[in-house]
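Note sheet for the following structure.
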Number of protein chains: 2
Amino acid sequence: MATRSRRTPRRTEALSRERIVEAAVELLDSAGESGLTFRALTERLATGPGAIYWHVANKGELLGAATDAVVAAAVAGAGAGAAAQAEAAAGDAAEAGAEAAAAEPGEDTAAAEDGAEVSVGVVSPQDRIRSVALGLFDAIEDHPWLATQLATQLSRSPWGPVTPRIFESVGRQVRALGVPEDGWFTATSALVHYVLGAAGQNAVNTAHGSGLGPGVDRAAFLDAASTAWEQLDPDDYPFTRAVAAQVREHDDREQFLAGIDLVLAGITAVVAAHTAAPGQE
Amino acid sequence: MATRSRRTPRRTEALSRERIVEAAVELLDSAGESGLTFRALTERLATGPGAIYWHVANKGELLGAATDAVVAAAVAGAGAGAAAQAEAAAGDAAEAGAEAAAAEPGEDTAAAEDGAEVSVGVVSPQDRIRSVALGLFDAIEDHPWLATQLATQLSRSPWGPVTPRIFESVGRQVRALGVPEDGWFTATSALVHYVLGAAGQNAVNTAHGSGLGPGVDRAAFLDAASTAWEQLDPDDYPFTRAVAAQVREHDDREQFLAGIDLVLAGITAVVAAHTAAPGQE
DNA sequence: ACAGGTATGGAACGACATTCCATGCTGGAA
DNA sequence: TTCCAGCATGGAATGTCGTTCCATACCTGT
């Protein structure tokens, strides 16, 4: 009666936390939120649960690490080369972890000029904020599970690595915008909250699933939502019915940026009022 | 060997979807997100899983119904008696489900006057928006699980009942604010996104758990977060470190409202620019 | 060669959501 | 009244999940 015996030979490549997180992101991307199971993970990594638990405390920590990796890549891609826009957010986006904060040497010094028009090579703080926001927006589009995870991670442990990452990249531009110091937290919070709220909402059905392009499912989805809103009770939902048509036709990205501009307009308006008549609210 | 036999007598009170949702909300409130299990539910309702599944398709639908019930109570309490503020959002807040939409007969007709100062009995659209937002804010404070659920529900199925409920109560006031029709969707979206993003973030540790009041744990939590931010790498996180002190001292509710005002300022600024020089962006 | 920490893979466990089914109830037809 | 067809209920059974436990292999310094 032999107790237990070794059957499969050991893997050649060593297991590491990075490899695990990378595999987790891939699983989440391909199979959705419910696709990330320790069983699928052990199969993909050709190992057992015990090996994974040696590197990772539990599933929650794994989800947190996956979220952080993707967010780090997103804000790094957007924060660094503002001209390159958010194209860097595409791809697998993992394994970026540490390098993210190393970007942005001493920029944001040539900023804070006017606000609207931008000449070649000079990027306004507004544009940088838009760039960071779009980076997150695209990251959520590429990794639909990120929306829920961001909400969960941020509300469960805002002291984690994710919040400061976003806060920092937005806050620097808020500072460059000329906002007085006692308004930094308020203005940055408002921007970050809008971005997270909006990005979360738009996480639906970019649909890399079917063979069709993302736009097709997206259009179908918007059509369904719009139709549903049009069929609401006219007495209870007059406004919602009135905007249903706008829902069907709107472009996510434009809409998202329009919201950013709205918040930015509010910030600059409040700043202007503050500098004109200081000491007031 | 008798196959199966009846043991416990049938309950007297009938089971209903409402009673199930109500019990679900209570379980979520008292035991947190992980406290809602079909086991706990069957025990509390003194029944079996089959009975529950007769009224509810699956756990997801149950969570959606619980979310909708709480949100309905929140926007109803805030939307109706704007003077009574959001006190109505306290309490158990369940079992409101259907009645929510029945509120608000024909208000928002006496609105759209000036914007800033409010005399007795007259409530500006701005105040109504603040009221609705605070209603949601307080609801999330009373039901911490609501933050994650809102994010999940809204990103998974925006055609559900929750989104229109919030959208409608905010949108009516946006309309009353004088925003031109083609800006309704953008402005309302921006507000709703900010509210949901901010409320989700503030869902942490109002801590009805320990015997101490909510404020105590909240202060401890903020202190921990602030300290953590202060210990970040100075090279990577200069801005975040700079605002860490503001984090420790800030008041959630004030901060939340300040963000609302920021967005409102942006909306009115854009509206003003639009009416001054129509046809531009 | 060997000891001890590091790392690994598989079996086992308990909790969970969900399904299945035998049973009880109720209201209308006979 | 009796009977039958659904509605409704509760409990047992199922399969999957996260997690723990442990025997074992690898590796580094001696």
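Here is how names work: the chains are called A, B, and so on, in the same order as the sequence lines, proteins then strands, and each is numbered from 1.
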Provide, to the nearest angstrom, the distance between the [atom1] atom belonging to [X] and the [atom2] atom belonging to [N].
X	N	atom1	atom2	value
A:L27	D:dG18	CG	P	11 Å
B:I52	C:dC16	CD1	P	13 Å
B:F38	C:dT18	CZ	P	6 Å
A:E43	C:dG10	CD	C1'	15 Å
A:R17	C:dT6	CZ	P	18 Å
A:L41	D:dT19	CG	C1'	14 Å
A:L15	C:dA7	CG	P	10 Å

#### Entry: Non-hydrogen atoms of A:H55 and A:L15 that approach each other most closely
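The pair with the smallest heavy-atom distance is CE1-O, 3.5 Å.
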### Message
Could you report the tightest heavy-atom contact between A:G35 and A:A40, atom names first, then the distance?
### Response
O-CB, 3.9 Å
### Task
Tell me which residues in residues 53-63 of chain A put a heavy atom below 4.0 Å from DNA chain C, sorted by number, or none.
A:W54, A:H55
### B:F38 ring center within less than 6.0 Å of B:Y53 ring center
yes
#### Entry: DNA chain D: 5'-proximal contact among A:G50 and A:R39 (nearest heavy atom)
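Going by which nucleotide is closer to the 5' end, it is A:R39.
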### Query
Does one side chain, of A:T227 or A:R248, offer a donor that lies under 3.5 Å from an acceptor on the other?
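A donor-acceptor contact under 3.5 Å links the two side chains.
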### Query
Do the non-hydrogen side-chain atoms of B:L196 and B:I166 ever get within less than 4.5 Å of each other?
yes
### Message
Quick check for you: among D:dT9, C:dA11, D:dA12, whose closest atom lies nearest to any side-chain atom of A:P49?
### Response
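Closest nucleotide to the A:P49 side chain: C:dA11.
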#### Entry: Evaluation steps, salt bridge (charged side-chain N to carboxylate O under 4.0 Å, His left out), between A:R44 and A:E22
CA-CA 11 Å; A:R44 176 178 272 257; A:E22 183 184 352; over 6 Å; no
### Task
Quick one: label A:L36 by what it contacts on the DNA or RNA (base, sugar-phosphate, nothing), any heavy atom closer than 4.0 Å.
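Sugar-phosphate contact only.
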